[in-house]
Student: 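Quick one: the structure is below, and I'll ask about it shortly.
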Amino acid sequence: MKVATWNVNSLSVRLPQVLDWLAANPVDALCLQELKLSDDKFPVAALQEAGYHSAFFGQKTYNGVAILSRSPLSETVRNIPGFEDEQARIIAGTLQGEDGPVRIVNGYFVNGQAPDSDKFVYKMRWLQALRDWLHSQLEAHPRLVLLGDFNITADDRDTWDPEGLRETIHHTTAERDELKALLALGLHDAFRLFEQAEKSYSWWDYREFAFRRNRGLRIDYALVSEALKPQVSACVIDRAPRKNERPSDHTPVVVTF
DNA sequence: ATGGCCTCCTTTGGAGGA
């Protein structure tokens with residue numbers, strides 16, 4: 001099974017690029033973040049014509065997540081049960097694989113803006129709620145993959161400027177400790193299960209020719225559960241869509257198991 | 001250099017992103 005994640009930064013703007021990418025990369029499921037549209041505007045028909053079912057959880061202007069899949073998802077969940085949230089950040093569902101069901105959890109993690117801001121407090125609360133919920137999800141669904149835009153660099157390898165950006169947003173010890181706590185539930189960063197090129201990133205600022213200079217961050221991840229880990233055969237970042245006209249600032253990450 | 005870019009909004013500049 002191939003599952004991918006891509007923060008598209010507006011599905012309205014990026015739909016043609018999503019369709020092109022799916023035609024060239026026929027994955028079993030594609031997790032999208034930052035749809036920036038309400039559910040009534042979701043392009044169900046265009047994706048259906050491309051051969052994909054859609055499970056989506058949108059909101060106007062900001063946030064919004066979806067899972068596109070070759071076969072329909074079951075047991076879908078929107079946002080973290082029991083955690084009051086105005087923002088659409090989580091969608092989960094189960095796909096039938098050759099070796100049994102696979103639970104797919106797609107997250108658009110909170111940005112947090114700055115470590116001294118209210119948004120950072122919300123980020124920490126959200127991360128703790130996610131961890132509590134995932135603990136029970138892993139018990140119910142041993143074959144689980146958590147994908148999305150995590151908005152955290154796991155360690156210094158995941159940032160173009162570890163010294164200059166130390167303890168700034170996406171780089172704080174508090175955020176990295178939360179990611180470590182997620183991994184401690186029994187999840188593994190699929191990208192790091194394999195030999196990877198140095199300076200591998202999944203996001204580049206639109207400003208300062210950041211992509212051309214490879215000044216980026218790796219903040220988009222696929223974490224696999226213990227049960228899935230032995231079956232993972234690859235995890236790659238596909239930089240190609242970042243070279244498109246009018247690209248998203250993020251690029252897809254694909255995991256194969 | 002308190003920036004540069006992109007997307008959205010019953011827009012026309014500010015918020016949010018990362």
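Side-chain atoms are counted along with the backbone in the values below, which use heavy atoms only and exclude waters and symmetry mates. Numbered from 1 within each chain, the chains take letters A, B, ... in sequence-line order.
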Student: Between A/Arg218 and A/Asp189, does any NZ, NE, NH1 or NH2 come within less than 4.0 Å of an OD or OE carboxylate oxygen?
Tutor: yes
Student: For B/dA18, does either OP1 or OP2 sit under 4.0 Å from a side-chain N or O belonging to A/Tyr108?
Tutor: yes
Student: Return the value, rounded to whole Å, for the distance between atom CG of A/Asp220 and atom C1' of B/dA18.
Tutor: 11 Å
Student: Per the ring pair (Phe, Tyr, Trp, His ring centres under 6.0 Å) rule, which among A/Trp126, A/Tyr221, A/Tyr108 passes with A/Phe150?
Tutor: A/Tyr221
Student: Would you measure the distance from the C1' atom in B/dT2 across to the matching atom in B/dT7 and give it in whole Å?
Tutor: 23 Å
Student: Could you tell me the Watson-Crick or G-U partner of B/dT10, where both distances fall under 3.5 Å? Say none if there is no partner.
Tutor: none
Student: Could you state the CZ-P distance from A/Arg207 to B/dT7, rounded to the nearest angstrom?
Tutor: 14 Å
Student: Taking the minimum atom-to-atom distance to the side chain of A/Asn151, which one of B/dC9, B/dT7, B/dA18 wins?
Tutor: B/dA18
Student: Between B/dC5 and A/Arg246, is there an OP1 or OP2 to side-chain N/O distance shorter than 4.0 Å?
Tutor: no
Student: My understanding is that a pair needs two contacts under 3.5 Å, Watson-Crick or G-U wobble. By that rule, which nucleotide pairs with B/dA18?
Tutor: none
Student: If the cut-off is 4.0 Å, is A/Asn9 near the phosphate of B/dT7, judged by side-chain N/O to OP1 or OP2?
Tutor: no
Student: Considering only atom C1', compute the distance from B/dT11 to B/dG16 and round it to an integer number of Å.
Tutor: 15 Å
Student: Salt bridge between A/Arg125 and A/Asp85, side-chain N to carboxylate O under 4.0 Å?
Tutor: no
Student: Indicate, with a heavy-atom threshold strictly under 4.0 Å, whether A/Asp149 touches base, sugar-phosphate, or nothing.
Tutor: sugar-phosphate
Student: Scan A/His171 against the nucleic acid and name what it touches under 4.0 Å (heavy atoms): base, sugar-phosphate only, or nothing.
Tutor: nothing
Student: Could you check A/Thr61 against A/Ile169 and say which one's nearest nucleotide on DNA chain B is further toward the 5' end?
Tutor: A/Thr61
Student: Is it true that A/Glu226 and A/Lys229 make a salt bridge, defined as a side-chain N closer than 4.0 Å to a carboxylate O?
Tutor: no
Student: Using a 4.0 Å heavy-atom cut-off, does A/Asn7 contact any base of the nucleic acid, only the sugar-phosphate backbone, or nothing at all?
Tutor: sugar-phosphate
Student: Side chain to side chain donor-acceptor pair (under 3.5 Å) with A/Gln33: which of A/Asp149, A/Thr5, A/Asn7?
Tutor: A/Thr5
Student: To the nearest angstrom, how far is A/Leu35 atom CG from B/dC8 atom P?
Tutor: 12 Å
Student: Measuring only the P atom in each nucleotide, how far is B/dG14 from B/dA1? A whole number of Å is fine.
Tutor: 24 Å
Student: How many whole angstroms separate atom CH2 of A/Trp203 from atom P of B/dC6?
Tutor: 13 Å
Student: Between A/Asp205 (CG) and B/dG16 (P), how many Å, whole number?
Tutor: 18 Å
Student: Does A/His170 make a side-chain N or O approach to OP1 or OP2 of B/dG17 shorter than 4.0 Å?
Tutor: no
Student: Quick one: A/Phe211 CZ to B/dA18 P, roughly how many Å, whole number?
Tutor: 18 Å
Student: What interatomic distance, in whole Å, is found between P of B/dC5 and the corresponding atom of B/dT10?
Tutor: 25 Å
Student: Does A/Lys119 place a side-chain N or O at less than 4.0 Å from the phosphate oxygens OP1/OP2 of B/dA15?
Tutor: no
Student: Over how many whole Å does the gap from A/Lys60 atom NZ to B/dA15 atom P extend?
Tutor: 17 Å
Student: Would you call A/Lys180-A/Asp155 a salt bridge at under 4.0 Å N-O?
Tutor: no
Student: Using a cut-off of 4.0 Å on non-hydrogen atoms, how would the nucleic acid contact of A/Arg215 be classed: base, sugar-phosphate, or nothing?
Tutor: nothing
Student: Heavy atoms from C-beta onward define the side chain here; which of B/dC9, B/dG17, B/dA18 lies closest to that of A/Tyr206?
Tutor: B/dG17
Student: Please report, rounded to the nearest Å, how far the P atom of B/dG4 is from the CD atom of A/Glu208.
Tutor: 10 Å
